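Data first, discussion second: the structure below is written as structure tokens.
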Protein chains: 2
Amino acid sequence: MSRSVKSPQLDAFDRKILAILQRDNSTPQRTIGDAVGLSAPAVQRRIKRMAEEGVIQANVAVLDPAALGQSITIFVEVEVISETAKQIEEAKSQFAAAPEIQQCYYVTGEADFVLVIVVPAMADYEALTRRLFFGNNNVKRFRTFVAMDRVKVGLSVPVER
Amino acid sequence: MSRSVKSPQLDAFDRKILAILQRDNSTPQRTIGDAVGLSAPAVQRRIKRMAEEGVIQANVAVLDPAALGQSITIFVEVEVISETAKQIEEAKSQFAAAPEIQQCYYVTGEADFVLVIVVPAMADYEALTRRLFFGNNNVKRFRTFVAMDRVKVGLSVPVER
DNA sequence: GCTCCAACGAAACAAACTTGCAAAAGTACC
DNA sequence: GGTACTTTTGCAAGTTTGTTTCGTTGGAGC
């Protein structure tokens, strides 16, 4: 079977490995090997390949926001006035640069951007709105949703075909 | 200085370590030690402690959804009819159980739930809406936003005080 | 049937993590 | 200010894990 660099086809082994890694990437390769039916070196080579191909984008620790004093999660829909390419790019980079903004999506529909924001207190969110929304005359309006419960949080994607 | 289990005070060392780990948790402890000014064992003990305290909730690999054939990210606001504790809990567990639902927040404001969904194609989303929304008579209405660009995606939280 | 290529596993090797222990640093209490 | 106690540290040894080497196997194409 061919698996060239330019066509990152993932076989059943790869997908099983990914399923384990996206749940716990500190799992020893030996353990992964036993689980999927490969030797540790085979697992290691596949992980390395997938990291190079970009299938595995990062290996990160997930922290508890509350433990770091960032106990408020807020959800914002932003609608802009002018949607020229230049202004959209400007907004994107502005949102991407803010450390409080955990996630930012450019979307279709009634809004143009959707943001997930994490801050220590409402006062910090208020300050952020002044800086980001009221201070930007291309923002038409925005709607705020405060999270009472982070029911499910993660970046896991289904790996089965 | 006391740092009992019940009061997880994080000092400057801890925060620096966390900042590194939430960017790349495959960084060797020796390297982290050099960066923060501690020996490798000291770093290891702090990491272990923070994992036990729950400050570090998980260690995961971040995968590229597109590489797994999950190329569409969708954002949904859900409004329910009845907001009794029982029905809210029911909705939470139903959303949490769906593998396509990557994130789910229970929020205040014009909507009750906000969902981040990842699917291979629009047809899959349509099927999901039928199952989850139209098939649930407590869902009053829902609004869909399709992501054109995942500008910023992650779970990073600011670690500075 | 032969060659070439890709991926594999076993074993050797290297690197990283983990633990025991004694010393240093910080606190509380005289 | 001094002493006892507690906590955390660094070093070094020991263990686990990750990585490379190398010979083998199974297919695809000729």
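Here is the naming used below: chain letters follow the sequence lines, and residue numbers restart at 1 for every chain. These numbers come from a predicted model, not from an experiment.
- For A/E79, the side chain to side chain contact (heavy atoms under 4.5 Å, CB included) partners at least two apart in sequence or on another chain are A/D112, A/K140, A/R141.
- By the ring pair (Phe, Tyr, Trp, His ring centres under 6.0 Å) test, A/F75 pairs with B/F75, B/Y105, sequence neighbours left out.
- Taking only side-chain atoms of B/P41, from C-beta outward, the nucleotide of C/dA11, D/dT9, C/dT19 with the closest atom is C/dT19.
- A/L38 places its CG atom 15 Å from the C1' atom of D/dT25, with the value rounded to the nearest Å.
- Of the listed nucleotides (D/dT20, C/dC8, C/dT19), D/dT20 has the atom at the smallest distance from the side chain of A/K48.
- Taking A/A111 as the reference, A/E77, B/F145 meet the side chain to side chain contact (heavy atoms under 4.5 Å, CB included) condition, with sequence neighbours excluded.
- B/D14 has its CG atom 14 Å from the C1' atom of D/dT9, to the nearest Å.
- Direction of the helix axis in the helix from C/dG1-D/dC30 to C/dC30-D/dG1 shifts by 40° between the two five-pair termini, rounded to 10°.
- One interatomic measurement links the two molecules: CD1 of A/I47 to C1' of D/dT19, which rounds to 12 Å at whole-angstrom precision.
- Take A/F95 and apply the ring pair (Phe, Tyr, Trp, His ring centres under 6.0 Å) test, not counting sequence neighbours, and it matches A/F113.
- One side chain, A/N25 or A/N59, offers a donor N or O that lies under 3.5 Å from an acceptor on the other.
- Within residues 23-32 of chain B, the residues having any heavy atom under 4.0 Å from DNA chain C are, by residue number, B/P28, B/Q29.
- Rounded to an integer number of Å, the gap from CZ of B/F13 to P of C/dG26 is 10 Å.
- Rounded to an integer number of Å, the gap from CG of A/L10 to P of C/dA7 is 13 Å.
- Side-chain to base pairing of A/R45 with D/dG18: no donor and acceptor N or O lie closer than 3.5 Å to each other.
- Looking at residues two or more places apart in sequence or on another chain, you find a side chain to side chain contact (heavy atoms under 4.5 Å, CB included) between B/S26 and B/D24.
- In this view, B/P120 and B/Q70, B/D124 satisfy the side chain to side chain contact (heavy atoms under 4.5 Å, CB included) rule, not counting sequence neighbours.
- Ion pairing of B/R131 with B/E100 is present here, as a side-chain N (NZ or NE/NH1/NH2) and a carboxylate O approach within less than 4.0 Å.
- Pairs passing the salt bridge (charged side-chain N to carboxylate O under 4.0 Å, His left out) check and including a residue from residues 147-156 of chain B, sequence neighbours excluded, read A/K92-B/D149.
- Each of A/Q44 and B/S39 has a nearest nucleotide on DNA chain D; the 5'-most of these lies closest to B/S39.
- Between the CG atom of B/L21 and the P atom of C/dC17 there is a distance of 10 Å, given to the nearest Å.
- Rounded to a whole Å, the CG atom of A/D34 is 11 Å from the P atom of D/dT17.
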